[in-house]
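Indexing begins at 1, ligand by ligand and atom by atom, following the structure's order.
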Amino acid sequence: MLTIAIPKGRLFKKIKELLIYFEPKVKDFDESSRKLIFETNKFRLVLVKPFDVPTYVYYGGADLGICGKDVILEHDYDIYELLDLNFGKCRISIAQKKEVKEFKLFPGFKVATKYENITRKYFGDLGIDVEIIKLYGSVELAPILNLADAIVDLVETGTTLRENGLKEVKVIEHSSARLIANRAFLKTKYNFIKPFVENLKKLIKEKKEG
Ligand code: PRP
């Protein structure tokens with residue numbers, strides 16, 4: 001049996017649809033359930049916060065996990081990225097108030113984000129010193145309430161930015177859902193993991209072509 005860390009939230013529905021191909025019982029897996037472990041003969045699915053998926057995989061709580069590339073980049077754990085699942089496509093971008101004419105950095109520039117590491121690395125690589133304000137959600141509020149000059153956040157449709165009077169000024173990274181594995185389990189449970197990954201690959205290819 002494979003233990004897979006599954007994130008609540010935006011990727012959940014698509015992940016469930018995929019897993020139903022392998023195990024029809026997964027249709028009863030409910031993200032709003034108080035029960036955090038869903039077991040069938042094939043899988044043990046554990047429901048976690050999106051940012052915790054690599055943590056569960058790295059520390060061996062789960063053999064595999066599914067999460068966005070954004071979350072993998074933010075953590076930088078030594079896990080193995082097995083597969084791009086080709087859904088959950090989005091980007092990590094810098095956004096500012098739509099009235100700002102030009103994206104310009106200045107001394108004391110403040111950036112609000114929940115992606116502290118990605119933001120630090122991006123501006124660090126440019127050799128620019130910015131103040132990073134860590135938030136845990138509703139990041140779009142920060143420029144409106146003059147907490148920050150810009151935000152670094154996930155953009156999918158762009159609706160949240162638009163509805164809050166912000167605009168995307170620069171894409172930092174592109175992201176999509178990835179299947180990740182614990183490096184040690186990849187070796188010791190190879191006989192279980194390999195057929196699952198091969199079938200998943202076929203399924204994704206079919207979906208892409210169909
Ligand atoms: C993300 C992100 C934006 C929104 C972008 O938040 O932080 O707020 O989605 O999506 P859009 O471009 O399609 O509007 P999420 O829903 O993951 O919740 P969070 O604010 O709790 O992190």
Side-chain angles (χ1 to χ4, degrees), residues 4-19 29-34 36 45-58 62 64-77 79 81 83-100 103 109-123 130-180 207:
I4 313 179
I6 307 289
K8 299 177 182 183
R10 62 175 58 234
L11 297 178
F12 185 84
K13 202 167 153 250
K14 282 267 164 64
I15 295 172
K16 189 171 156 175
E17 275 169 28
L18 271 190
L19 296 178
F29 183 33
D30 175 10
E31 71 167 321
S32 58
S33 167
R34 289 274 166 197
L36 301 174
L45 305 177
V46 296
L47 201 51
V48 304
K49 290 261 187 198
F51 269 78
D52 291 335
V53 170
T55 314
Y56 278 93
V57 171
Y58 176 74
L64 301 173
I66 298 176
C67 63
K69 177 74 181 177
D70 57 314
V71 172
I72 299 173
L73 289 170
E74 180 60 17
H75 276 304
D76 205 24
Y77 278 128
I79 41 95
E81 205 181 300
L83 206 55
D84 184 343
L85 300 175
N86 206 42
F87 61 80
K89 290 186 179 168
C90 58
R91 49 211 185 267
I92 301 298
S93 295
I94 303 173
Q96 287 189 293
K97 280 189 198 165
K98 68 173 189 302
E99 296 78 26
V100 176
F103 174 51
F109 194 89
K110 294 193 187 77
V111 184
T113 188
K114 56 185 175 208
Y115 296 97
E116 215 177 345
N117 296 329
I118 291 176
T119 304
R120 181 166 296 113
K121 181 169 187 314
Y122 177 76
F123 288 103
V130 298
E131 186 179 334
I132 297 172
I133 301 171
K134 167 87 183 186
L135 293 174
Y136 292 87
S138 303
V139 177
E140 293 82 3
L141 284 174
I144 305 169
L145 301 179
N146 295 321
L147 219 72
D149 302 293
I151 61 169
V152 168
D153 202 17
L154 184 150
V155 181
E156 189 177 357
T157 60
T159 311
T160 314
L161 290 183
R162 266 194 309 280
E163 295 209 341
N164 291 290
L166 304 181
K167 65 177 177 187
E168 193 174 6
V169 295
K170 194 150 200 64
V171 175
I172 295 184
E173 297 280 358
H174 286 272
S175 177
S176 57
R178 307 292 160 99
L179 177 72
I180 60 172
K207 280 182 171 269

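Looking at Asp153 against ligand 1, only its side chain comes within 4.0 Å, counting heavy atoms. The part of Ser138 lying near ligand 1 is the backbone, judged by heavy-atom distances below 4.0 Å.
Glu140 and Thr160 share no donor-acceptor pair across their side chains, judged by distance under 3.5 Å alone.
Where the criterion is an N or O separation shorter than 3.5 Å, residue side chain and backbone included, Val155 fails it with respect to ligand 1.
By the 4.5 Å heavy-atom criterion applied to side chains, Ile94 and Tyr122 are counted as neighbours.
Selection from Asp70, Thr113, Asn164, Thr160 by nearest heavy atom to atom 14 (O) of ligand 1 gives Thr160. Counting heavy atoms only, Arg10 comes closest to atom 9 (O) of ligand 1 of the residues Arg162, Arg10, Glu156.
For the atom pair OG of Ser32 and CZ of Phe12, the computed distance is 8.0 Å after rounding to the nearest 0.5 Å. Separation of atoms CD1 (Ile180) and NE2 (His75) is listed at 8.5 Å; rounding is to 0.5 Å.
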Give the intermediate values and the outcome of ring-ring contact (aromatic ring centres under 6.0 Å, His included) for residues Tyr115 and Phe51. CA-CA 10 Å; Tyr115 296 97; Phe51 269 78; 5.5 Å; yes
Go through the steps for Lys8 and Leu36 under the test side-chain contact (heavy atoms from CB on, under 4.5 Å), then give the verdict. CA-CA 10 Å; Lys8 299 177 182 183; Leu36 301 174; 4.3 Å; yes
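Listed by number with element, the atoms of ligand 1 under 4.0 Å from a non-hydrogen atom of Thr159 are 12 (O), 14 (O). Each of the following atoms of ligand 1 lies closer than 4.0 Å to a heavy atom of Glu140: 3 (C), 8 (O).
In this structure, the protein non-hydrogen atom closest to atom 19 (P) of ligand 1 is Lys114 NZ, 3.4 Å. For atom 11 (P) of ligand 1, the closest non-hydrogen atom of the protein is Thr157 OG1, 3.3 Å. Scanning all protein heavy atoms for the shortest distance to atom 5 (C) of ligand 1 gives Leu154 O, 3.4 Å.
Residues forming a side chain to side chain contact (heavy atoms under 4.5 Å, CB included) with Leu73 (at least two apart in sequence, or on another chain): Lys69, Ile118, Glu173.
Shown here for Tyr136 and Lys114, the closest heavy-atom pair between the two residues is O-CD, 4.3 Å.
Using 4.0 Å as the threshold, Glu163 has no heavy atom nearer than that to any atom of ligand 1.
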